[in-house]
Amino acid sequence: MTISRIDCANRLPMTDTTPALDQPYDPAKVEPRWYAFWEKNGVFASTDAASDARPVYVVPMPPPNVTGSLHMGHAQRCTLEDALVRWHRMRGFNALWQPGTDHAGIATQLVVERLLAREGVTRHDMGREAFVARVWQWRRETGDRILLQQRILGASPDWSRAKFTMDPDLSRAVTEAFVRLYEQGLMYRATRLINWCPECRTSLSDLEVENEEGANGELFEFAYEVEGDAGPSAPREIVVATTRPETMLGDTAVAVHPDDPRYKALHGKCVRHPFVERSFPIITDAVLVDPKFGTGAVKVTPAHDFNDFATGKRHDLEEINILNLDGTLNANAGSFAGMDRKEARRAVKRALEERGLARGSKPHTLTLPRCQRSGGVVEPMISTQWFLKMGSMAERALDAVHSGKTEIIPAEWVKTYDHFLESIQDWCVSRQLWWGHQIPAWHGPDGKVVVARERPKDLGPEWTQDPDVLDTWFSSALWPFSTLGWPERTPALAKFYPASDLETGYDILFFWVARMMMMGLHFMGEVPFRRVLLSGLIVDETGEKMGKLRGNVIDPLDLVHGASFVDVVKKTLPGAPEAEALAKFKKAYPSAAAMGGGFPAFGADAVRFTLASYPPSNKRIALAPKRIEGNRHFLNKIWNATRLSLDLLGEHAWRDPIAPKGFYNQWIRSRFAATCAAVHAGMDAFRVDEATQAAYRFFWNDFCDWYLELVKPILRKQADGTFFRPDQVPETQDTLAYVLEGSLRLMHPLMPFLTEELWQRVPKPASRKASIAFGPYPTPDSETAAHDPSVEAQMELLQAVISAARTVRSEHNVDKKADVPMRVRSSSPETVAFLRGHHEAIRLLVKTAGEPSFEASSGARERGTTLSVVPAAAGSVEVLVGLKGLVTKDEEVARIDRELKKIDKELAAMDKKLSAPGFVDRAPREVVVESRQQRQALVDARERLVAARKVAEEL
RNA sequence: GGGCGGGUAGCUCAGCGGUAGAGCGCUGGCCUUACAAGCCGGAUGUCGCAGGUUCAAACCCUGUCCCGCCCA
């Protein structure tokens, strides 16, 4: 076919490697070829040169963990950020999408420890230095995998600026930040009750503790014997209830409510601990004790419970730590020392029973604090750690959002952000890990501490560096400026700080976004970014969170390249029986289950377009594979429409278009202009979903369904080799080429591969650069002159007339091949004239026998015709289709009745509205006028239908 | 206990003050020389429930019931 001839035209820079435009569209043949091309042409490059006068657009990419393999969340980040970055780049911005990876302290250490465990080695066997060396080796081998995976999705960050949080320059920034914070009195060391994960053997910040609600437990009751004699009527014992019996080894008080009459006699008395040589007081505390809960008496363990800790401070109680760092009990636990905490719980209960102090137990649901990384139960524990004061930093971060210096989109999140910062506690930043930024503090004799950028030379050998490292999120919080060279005053820092947009999932609003706000304001004196764009979390099709245990994880690359479900579940549920894993997976994705044995290769563009099509207000995004399939069909549509267009354009050489005179050309240009405006509005407001929808509808429903169909007869030569309407050919070719090329550019940020592939082949101005990615982008301004609502309104009428005739054909099951006579009438001479002007389109799209006729309305009608009405205020249009011998009287009456029913329903609604008291007086005038026009159109249409029904027997 | 979302067609979701929408699914007819991953048609909703504001409410307000998430 003609396509191959066009392939040989000199439009294509890569003729030797580019396959023909085979049908159907195969992303596997197209996508792999373009990434290297973009890199070679420097598409992704930004410049920090002060002399560059372009406006700047900066997006810091949330650095994925080096442990990470690409998951749907990453794919979503990639898609949205890449769309925004490409969009700006095409519009002439100096765009920096800052890539990199995060060292992910705990996560990485756990991964490498697990590897070592297979070799039968622990990190303690190796020692710190060797272990850290091993982690570095691991990171060199696998840490960049995720960056390679992002390329498959078409991500376009400036790779030349890629950073890793443990790079020397970023590590230096971390040290500098720590030292300055210390010098400013914001970073301090303190002994406090903190969250301790015995499995990771490190402290955690409040945010790293996840509370598991509804855990099954029991409320265990036991008695403490009261010491001394409180009088004959006073109780000899006091019964307390607890969900953690083993912590009684650290009890230093029993609390009751001051007003509780049951315990009045015991105020000030002491109880004896049954297992350790200790007695402690019965105190009164209205804050801690709810007299209605349990027995109304509460055991107090200041060293292992946050509420009890506060109570201890109020009453000056002793804090007795009973735990070792690995979760076993220490010497304070007396005879229970050395036991694991779980074992100790059983042992304590048994011992209490033996002493006759147990008072029974009942089932109880509780909230269990769990470590975000290991899943282990977190123990509150007294420990000396480094803390960062949050108060004043949090205030500035709050102000920045309230004053509009940083905008959070969607705005619903502002309240959540506020609440977090308003109630924030100081941040425990030290971690007892080996992998991370070691704290730049040195400990000397007598508890002396020195904090410095480097080990001070005058410190003796007895001074040792603090073994702890910093929370991973500490270095992440510096990301928007540490990646640009801070603390040096680099050109990049001057050019690219603050960033424009920070896009991420809402799940790290506290972990990352709020902390970057605080650190950015503190160190740079300016917000780190102008907008925070938050998107929802991707969950499975039934709304469940994706997780290994659930067996519903989808690897985005499996969607891109295709994969059998068997292979998919091998990854999601390794080791599980295949049938069971498959069943779980298919239950999680009902629409995928209908696809047969696996995912077809949807291609990166289809996955991206789908991810971009969910609105950010959606907190949970239920990933429906069917939807990806639908979008792949859309890409195929673009592919084929381009093939057709190239065929219709032949050897057409680009001419800059002038304002078209032909109606269809005016119409498609107007629709294109409206679409550019809608896409721009969507992209600008972080409603990428609206941009995708506008592009989809335009390209498919306007450009393909109508414009290409209307233009075919004009641009296709007839059998005798001549054009049917030679005078219309040049302008139509120009317009087709213009809209096609513009559409590809318009959609490029959303589907970079396909648009590049096709754009390389379509006619375009000589001024265009090597890649579509260089733009320019079709903007509302560049298209606005073509926008013409009156043309669009006329086109809608024409479309309605054609559709009416098609409906009649279809409803009466007229053979597709049969030509039918058609007659169009209206009481409006203008309408008749307009429609007559489009007789050619009507003839072709309805497939009429001979030319349709156009005339003023009259009551008479030929035998054998069926009548349908298109309501219009200026005078409804009657569409008469000759169906002699093709339809019975009954069928026609039934069809007219259906039409009447519809119109009656609309008319009733309109009458109700118009006759409602106050409507005419109080509604805006244009609404009243419009409603009256609509009603008139309906009444008119109805009259014609009623008349038509009367003569239906003529059939 | 506090906060934030959500409940619209069988499914996944738009719409957020002027006559209910899309994709998928369902269904009738078409292998019409771009596309069957398609084309031309069709059916399908008391917009969670109850009040209120308004000339007008899926949309605003109040209450209420479910579902989800976050914080304590």
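Letters A, B, ... mirror the listed sequences (proteins, then strands); counts begin at 1.
- Listed by residue number, A:P615, A:N618, A:K619, A:R620, A:A622, A:K626 are the residues of residues 608-626 of chain A with a heavy-atom contact under 4.0 Å to RNA chain B.
- Using a 4.0 Å heavy-atom distance criterion, A:R809 is classed as making no nucleic acid contact.
- For the pair A:I424 CD1 and B:rC70 C1', the computed distance is 15 Å after rounding to whole Å.
- Rounded to a whole angstrom, the distance from the C1' atom of B:rG45 to that of B:rC61 is 25 Å.
- Nucleic acid contact class of A:P917 (heavy atoms, under 4.0 Å, all strands): sugar-phosphate only.
- One cannot find a donor-acceptor pair under 3.5 Å joining the base of B:rC4 and the side-chain atoms of A:K415.
- In this model, the phosphate group of B:rG41 is approached by a side-chain N or O of A:R806 to a distance below 4.0 Å at OP1 or OP2.
- OP1 or OP2 of B:rA34 has not a single side-chain nitrogen or oxygen of A:R643 nearer than 4.0 Å.
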Output, in order, the C-alpha distance, side-chain angles, deciding distance and verdict of ring pair (Phe, Tyr, Trp, His ring centres under 6.0 Å) for A:F309 and A:H304. CA-CA 7 Å; A:F309 182 78; A:H304 294 288; over 10 Å; no
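- Nucleic acid contact class of A:F634 (heavy atoms, under 4.0 Å, all strands): none.
- Remark: A:K545 is not in phosphate contact with B:rC69, judged by side-chain N or O atoms under 4.0 Å from OP1 or OP2.
- Between A:E811 atom CD and B:rU27 atom C1' there is a gap of 13 Å when expressed in whole angstrom units.
- Taking atom CD on A:E412 and atom P on B:rG3, their separation rounds to 16 Å, with Å as the unit.
- Between B:rC39 and A:K637, a contact under 4.0 Å exists linking OP1 or OP2 to a side-chain N or O.
- With both pairing distances under 3.5 Å, B:rC13 is matched to B:rG21 as a Watson-Crick or G-U wobble pair.
- Within 4.0 Å (heavy atoms only), A:R716 reaches sugar-phosphate atoms of the nucleic acid but no base atom.
- The base of B:rG41 is not paired with the side chain of A:T807 by any donor and acceptor separated by under 3.5 Å.
- One P atom belongs to B:rC24, the other to B:rC40, and the distance between them is 13 Å to the nearest Å.
- Between A:W700 and B:rA37 there is no side-chain polar atom (N or O) within less than 4.0 angstrom of OP1 or OP2.
- Not one side-chain nitrogen or oxygen of A:S931 sits closer than 4.0 Å to the OP1 or OP2 atom of B:rG18.
- Comparing B:rC47 with B:rG21, their C1' atoms are spaced 11 Å from each other, to the whole Å.
- A straight line from NE2 of A:H419 to P of B:rC71 spans 10 Å, rounded to a whole angstrom.
- Counting non-hydrogen atoms under 4.0 angstrom, A:E210 reaches nothing in the nucleic acid.
- One C1' atom belongs to B:rU46, the other to B:rC55, and the distance between them is 22 Å to the nearest Å.
- B:rA14 and B:rA22 have their C1' atoms separated by 7 Å, given to the nearest Å.
- Nucleotides B:rA58 and B:rA50, compared at atom C1', are 16 Å apart to the nearest Å.
- Within the structure, a side-chain polar atom (N or O) of A:R687 is placed less than 4.0 Å from OP1 or OP2 of B:rG15.
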